[in-house]
Amino acid sequence: MKPAVFNYIRPESVEETLQLLSDYGDDAKILSGGQSLIPVLNMRLSTPKYLIDIGRLEGLNYIREEGDHLSVGALVKHKDIESSPLVKELCPILGEAIRWVGTTQIRNRGTIGGSIAHGDPSAELPCVLAALRGEIVVASLEGEDVLSPEEFFLTYMLTSMQPDQVIKEIRFPIMSKKSAFSFVEVARTHGDFALAEAAVILETDETETVIKAQIAVGGVNPTPTVLEEVEDHIMGKKLTDELLTEVRRMTEGNVDPESDLHGTAEYRRELVGVLVQRALKTAGERVKKGAGRHE
Amino acid sequence: MNKRIVALTINGVDVQRKVASRMLLTDFIRDELKLTGTNVGCEHGVCGACTILLNGESVRSCLMLAVQADGYEIETVESLQNDNGTLNTLQQSFKDCHGLQCGFCTPGFLMTVTSFLKENEDPTEEEIREAISGNLCRCTGYANIVKSVQRTVQSQRTSKSLTEPVCHTDHKQNETVQIS
């Protein structure tokens, strides 16, 4: 399994990258860390004429606090998110979820932009981004667009990005100090693709009544899915066992997984219900302790 | 644009080759540099047999193009042995604890663990298991690999003092059937 022949280009700037994309369009593919793209090239599922390697571009490698969100440059590697004090402080669910991304070797090379651009519905970062209502900044010569996950992820491995666009930045809303979170996943082995995963951010008042809930699941629909119905349902209520059971049923009704070698649709549906239930319970316990943010 | 010059440092030696842009780093290491210790397994980032160190960090060399490694420092399994050609502590522990059988996955494990132990000098068993989760072994069932790592940690801690091995495998009994 070797990649087919391509022309390799290593642009020196974002502007040059955008010009190349504008010139070559559909014939070009962006390479950054390569942890998703190289397997695809090796298997020849993709045979681009031009491979534009932006892996070394300066200016797309930063983690910054900007207003109400954390701005993460597209070329930030998973390992850098994992070890970032800023992420731990302002968006800890990201730090928790990132440990589920592949293995150490993958996280040492893989970039956040690459993970988002790949559009794998079982990937962890899109799920977290959806739960948090984050944004994706894409750029072309025409200018920049800021997209919601809903606008960005279209279906399995397909995003709304045009051939002349590249991801510049991912924006993760800063989490409230009063909120707690939980990210849970089941995969065949650690580092494998998720069979199902759930991300939960939760806030309750002093009477333990839910005043904010953000819930998304992955691996069970063609795109990461925000469970708005569940979020609305638990607002203003206490997280009792009865409510959590309702949440499980409701979650099962909101997903339409497919069967594959690793799990049937029925199994995934049941699993994701349990995971949401479990994540909510964990987040509920953490928020009660008032130490949810740092576990 | 189909061919490019790749200049990098491998195991402390500067090398330069003109290769096809599509050449994978694994093939560059094996076929161009003739360092065949790094093995090619799945070629899509699942098995970990091709793990090398890139600027000290473990990466999969099958998920990189050689041109992407231009300018980097690479270490492969060939770099591990002691200066006098004997096995280093990690390698010796794998041998003593039977952390390998067929040996195909071993170079990958050795490189993964080398970088892991630099960051975590006293890991728990759980941490070891997580660290090696990106490397597949179809012979050992991992138990002896975990023991090998634990043995290395202990050897490094008691530094050079010749204590009894902590691994439970009776390696002396098996010595006669070892090929190497």
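Below, chain A is the first sequence line, B the second, and so on; all start at residue 1.
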Working to the nearest 0.5 Å, report the span between CG of A/D53 and CG of B/D70.
-> 10.0 Å
Interatomic distance, B/I132 atom CD1 to A/H190 atom NE2 [nearest 0.5 angstrom] | 12.5 Å
If you draw a 6.0 Å radius around NZ in A/K281, do more than 12 non-hydrogen atoms from other residues or ligands fall strictly inside?
-> no
Applying a criterion of heavy atom separation less than 4.5 Å, what residues of residues 54-69 of chain B form contacts with chain A?
-> B/L54, B/E57, B/S58, B/V59, B/R60, B/C62, B/L63, B/M64, B/L65, B/V67, B/Q68, B/A69
Does a sphere of radius 6.0 Å around NZ in A/K29 hold more than 12 heavy atoms from other residues, nucleotides or ligands, not counting ones at 6.0 Å or beyond?
-> no
Under 4.5 Å heavy-atom distance to chain B, tell me which part of A/N42 shows up: side chain, backbone, both or neither.
-> side chain
Under a 4.5 Å heavy-atom cut-off, does chain B meet the side chain of A/L37, its backbone, both or neither?
-> neither
Step by step, work out the side-chain contact (heavy atoms from CB on, under 4.5 Å) result for B/N135 and A/Q105.
-> CA-CA 10 Å; B/N135 293 73; A/Q105 294 97 326; 2.9 Å; yes
If you count the non-hydrogen atoms of other residues, nucleotides and ligands that lie under 6.0 Å from NZ in B/K118, is the total more than 12?
-> yes
Check the surroundings of atom CD in A/E58: do more than 12 heavy atoms from other residues, nucleotides or ligands lie under 6.0 Å from it?
-> no
Could you check which of A/M43, A/R56, A/R107 has the highest count of heavy-atom pairs closer than 4.5 Å to chain B?
-> A/R56
Rounded to the nearest 0.5 Å, how far does CZ of B/R4 lie from CG of A/N7?
-> 11.0 Å
Does atom CG of B/D83 have more than 12 heavy-atom neighbours from other groups under 6.0 Å away?
-> no
Do other residues, nucleotides or ligands put more than 12 heavy atoms under 6.0 Å from A/F193 CZ?
-> no
With rounding to the nearest 0.5 Å, note down the distance linking OG in B/S21 to CZ in A/R10.
-> 9.5 Å
If one checks every heavy atom of A/L41 against chain B at 4.5 Å, the contacting part turns out to be neither
B/S133 and A/T104, any side-chain heavy atoms less than 4.5 Å apart = no
Pairs of heavy atoms under 4.5 Å with chain A: top-ranked of B/E43, B/M23, B/E130 | B/E43
B/N2 CG to A/F6 CZ distance, which is reported to the nearest 0.5 Å = 8.5 Å
